[in-house]
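Just so you know, ligand 1 is whichever comes first in the structure, and atom 1 is the first atom listed for that ligand. Computation of the quantities below employed the complete heavy-atom set of this structure, encompassing side-chain atoms and omitting hydrogens, waters and symmetry-equivalent molecules. This one's a predicted model, so the numbers in the text were calculated from it and none came from an experiment.
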Amino acid sequence: MKHFEANFDGLVGPTHNYAGLSFGNVASLSNAKESSSPRQAAKQGLQKMKALHDMGMVQGVLAPQERPDIFALRRLGFSGSDAKVLEDAAKKAPQVFRACCSASSMWTANAATVSPSGDTADNKIHFTPANLTNKYHRSLEPVTSGNILKAMFNDEKHFAHHQHLPDNEHFGDEGAANHTRFCSEYGGAGVELFVFGRYAFDASKPAPTKFPARHTFEACEAVTRLHQLNDNNIVYMQQNPNVIDQGVFHNDVIAVGNQNVLFYHEQAFLNTQQGLDEIQRKMGDTQMHFIKVDTADVSVEEAVKTYLFNTQVITLPDGHMAIIAPTECEENERVHAYLQSLVNMNTPIKEVKYFDVKQSMRNGGGPACLRLRVAMTEQEKNALNQNVLMSEALFSTLNSWVDKHYRDALSENDLRDPQLLIESRTALDELTQILKLGSVYPFQL
Ligand code: SUG
């Protein structure tokens, strides 16, 4: 049986902009109100997808969402024509308005948590869209994320889709950004690591004091129940509250795993040794490589700035692992030196490849944020919607689609332009035909 890990990257939407919406995410705040380039952003993303496809990886595309979100604005009391809703909201509630324009669904590591069939009791792949309750602009995503995932993984025999967890901070869930799966082979049973920022129902436990802990322990537990996992293949670890307070708003900003590798910063977790021992014990005979980066080599601040850990560790078809890093890592002397030494250490990671995803990085989204991983078998791959899989043809179609519909530059003032809404809906309508998704957006339903 052939099995592998597929990556489904978020296609950047036509309203990609810098609105400073994510308190606790250093890049989002420091680039607030800069002008963005939706076209460049989408093309940078497509280049990465195509490069992984060319390396022999299974690569898919996850469609963006409809923005500005007129339906959200109407729910908040704005009325009249779409143009009037936009104008009134921009004037009377500019921050709410900007939140409703965000293209944040591009970071598909936050779209859902996915458990592969090797881990689940019914041997199906389970999906739970993340509710993303901590940030209003992101809380607008889960229903449409669920619609899109169902349109992609549309075979009940192989795929189980759950509703997102209750829209409440107690069950704050940021999806796969805080989830890593270890395994010896992608198709077999693995160990799923659920990382959380705080306990929602126990205020006596440690928690950050400056920035929010978005993801709760109780949310992790709920997902393990929904996904029919068992105690032998679950490990929970808490993020170190001090690193959340330094801008590590998701665990994938400070740790990344793949198969038998966990690449992490020494300050990433609380009770680190206990967690690592449990992972090794549950992995049985498969020897884990725990690659720890010391503060003396790379500080937490440098990790947040360069996204050294927001890299993708992937297994190439010939079996060796490569690390997909943002060019920010190459531009930082110490981080670059670290990565050069990493590939010469005695670990499965043998190669680094750098990608320019700067448009996304300026909002705090690196290569790993841009992708949702799904470990699967060949049979499961054949059961999913084939039109979302990257190919020469799809790459060229999507590039032309971006050229046709996306603006080269976007600033805050442009967001209220009713024409942008029309452009965005026209583009998405065409995209649902290209990817054969059916009707997944509110404006289509
Ligand atoms: O949720 N940024 C996103 C970045 C998400 C990164 N994802 C992972 N680490 N997996 C966030 O903070 C900024 C939007 C703005 O400010 O315009 C934003 O939503």
**Q** Need the ligand 1 atom indices (1-based, order shown) with element for anything under 4.0 Å from a heavy-atom of S28.
**A** 13 (C), 15 (C), 16 (O)
**Q** Find all atoms of ligand 1 within a distance of less than 4.0 Å from any non-hydrogen atom belonging to A177, and give their numbers and elements.
**A** 10 (N)
**Q** Mind checking whether H137 has a heavy atom under 4.0 Å from ligand 1?
**A** yes
**Q** What do the steps show when you test F153 against F8 for ring-ring contact (aromatic ring centres under 6.0 Å, His included), and what is the final call?
**A** CA-CA 12 Å; F153 300 94; F8 294 86; 5.2 Å; yes
**Q** Under 4.0 Å, counting heavy atoms only: does N17 come that close to any atom of ligand 1?
**A** yes
**Q** Might you work through the ring-ring contact (aromatic ring centres under 6.0 Å, His included) test for Y199 and F217, ending with a clear yes or no?
**A** CA-CA 5 Å; Y199 290 85; F217 171 69; 4.9 Å; yes
**Q** Look at atom 11 (C) of ligand 1 and say which protein heavy atom is nearest, naming residue and atom and giving the distance to 0.1 Å.
**A** S22 OG, 3.4 Å
**Q** Rounded to the nearest 0.5 Å, how far does CD of Q40 lie from OG of S360?
**A** 12.5 Å
**Q** Heavy-atom distances under 4.0 Å decide this one: backbone, side chain, both or neither, for L21 against ligand 1?
**A** both
**Q** Considering the options L149, L11, L435, which one meets the side chain to side chain contact (heavy atoms under 4.5 Å, CB included) requirement together with L62?
**A** L149
**Q** With a cut-off of 4.0 Å, which atoms of ligand 1 are near a heavy atom of A109?
**A** 10 (N)
**Q** Report the nearest protein non-hydrogen atom to atom 2 (N) of ligand 1: residue, atom name, distance rounded to 0.1 Å.
**A** N363 O, 3.1 Å
**Q** Can you list the atoms of ligand 1 that are under 4.0 Å from a heavy atom of G364?
**A** 4 (C), 6 (C)
**Q** Which of the numbered atoms in ligand 1 are under 4.0 angstrom from any heavy atom belonging to G20?
**A** 15 (C), 16 (O), 17 (O)
**Q** Is R373 salt-bridged to D9, cutoff N-O under 4.0 Å?
**A** no
**Q** Apply the ring pair (Phe, Tyr, Trp, His ring centres under 6.0 Å) test between F127 and each candidate in H162, H164, H161, H179; give the one that qualifies.
**A** H161
**Q** Just jot down the ligand 1 atoms closer than 4.0 angstrom to any heavy atom of A19, in number order.
**A** 15 (C), 16 (O), 17 (O)
**Q** Do any nitrogen or oxygen atoms of S102 come within less than 3.5 Å of a nitrogen or oxygen of ligand 1?
**A** no
**Q** Hey, are R425 and D82 close enough for a salt bridge, meaning a charged N less than 4.0 Å from a carboxylate O?
**A** yes
**Q** Short list, please: which atoms of ligand 1 are under 4.0 Å from a heavy atom of R214?
**A** 1 (O), 11 (C), 12 (O)
**Q** C369 versus ligand 1: do any nitrogen or oxygen atoms come within less than 3.5 Å of each other?
**A** no
**Q** Tell me the ring-ring contact (aromatic ring centres under 6.0 Å, His included) pairs involving residues 9-34, sequence neighbours left out?
**A** H16-Y18, F23-F211
**Q** Has ligand 1 got any nitrogen or oxygen that is less than 3.5 angstrom from a nitrogen or oxygen of Y18?
**A** no
**Q** Which pairs of donor and acceptor atoms, one on a side chain in residues 85-101, lie under 3.5 Å apart (sequence neighbours left out)?
**A**
unit_1 : atom_1 : unit_2 : atom_2 : d
D88    : OD2    : K84    : NZ     : 2.7
R98    : NH1    : E412   : OE2    : 2.5

**Q** What protein heavy atom is closest to atom 5 (C) of ligand 1, reported as residue, atom name and distance in Å?
**A** R138 NH1, 3.5 Å
**Q** Checking the N or O distance criterion of under 3.5 Å, is ligand 1 in contact with V253?
**A** no
**Q** In plain terms, say whether E423 and R407 are close enough for a salt bridge, that is, a side-chain N and a carboxylate O under 4.0 Å apart.
**A** yes
**Q** Just distances here: any N/O of D252 and N/O of ligand 1 closer than 3.5 Å?
**A** yes
**Q** Look at the aromatic rings of F309 and H265 and report parallel, tilted or perpendicular, splitting at 30° and 60°.
**A** perpendicular
